Amino acid sequence: LIAKSLRKLASETKRIVDQLKPLQSQAKDETEIGSFEELIDNAESILQAANKLPPPVDKKEKGKGEKKTKTS
């Protein structure tokens, strides 16, 4: 579940950063510029962690007719 959550977090992080990048050029004072730089650094950390994950594993789901049987 951690890998799945990290992939979702990375996806949303990329989306948010893409939306905020145009605002970065409008930053006027040093605190705003610093906040955008910190945001980008944190986003890059998340994306790098997600890139280190192995590829997702497809789990086969059981059909309606398949049930586990208990052997005695």
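Fair warning: this is a prediction, and the values are worked out from it, not measured in the lab. Only this structure's heavy atoms are used, side chains among them; waters, hydrogens and symmetry mates stay out.
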Would you sort out whether Lys21 and Ile40 count as a side-chain contact (heavy atoms from CB on, under 4.5 Å), showing the intermediate values?
-> CA-CA 9 Å; Lys21 279 205 177 198; Ile40 299 298; 4.1 Å; yes
Close side-chain approach of Leu20 and Gln24, heavy atoms under 4.5 Å = no
Keeping the roles fixed (side chain from Glu32, backbone from Lys28), state whether a donor-acceptor pair exists under 3.5 Å.
-> yes
Search all heavy atoms of Ala27 against all heavy atoms of Ile33 and return the closest pair with its distance.
-> CB-CG1, 3.8 Å
CG/Leu39 to OG1/Thr13 distance, rounded to the nearest 0.5 angstrom?
-> 9.0 Å
Is there a donor-acceptor pair closer than 3.5 Å between any side-chain N or O of Ser11 and the backbone N or O of Arg7?
-> no
Is it possible for you to say whether Phe36 and Ile16 belong to one hydrophobic cluster, with membership spreading through side-chain heavy-atom contacts below 4.5 Å?
-> yes
If you round to the nearest 0.5 Å, how far is CG of Leu9 from CG of Leu47?
-> 8.5 Å
Heavy atoms of Ala43 and Val17 approach each other most closely as CB-CG2, 3.4 Å
If you measure from OG1 on Thr31 to CD on Glu38, what distance do you get to the nearest 0.5 Å?
-> 11.5 Å
Run the side-chain contact (heavy atoms from CB on, under 4.5 Å) check on Arg15 and Gln19 step by step: do they pass?
-> CA-CA 6 Å; Arg15 186 182 62 80; Gln19 291 177 354; 3.3 Å; yes
More than 12 non-hydrogen atoms from neighbouring residues, nucleotides or ligands closer than 6.0 Å to CD1 on Ile2, yes or no?
-> no
When rounded to the nearest 0.5 Å, the distance separating NZ of Lys8 from CG of Leu1 is 9.5 Å
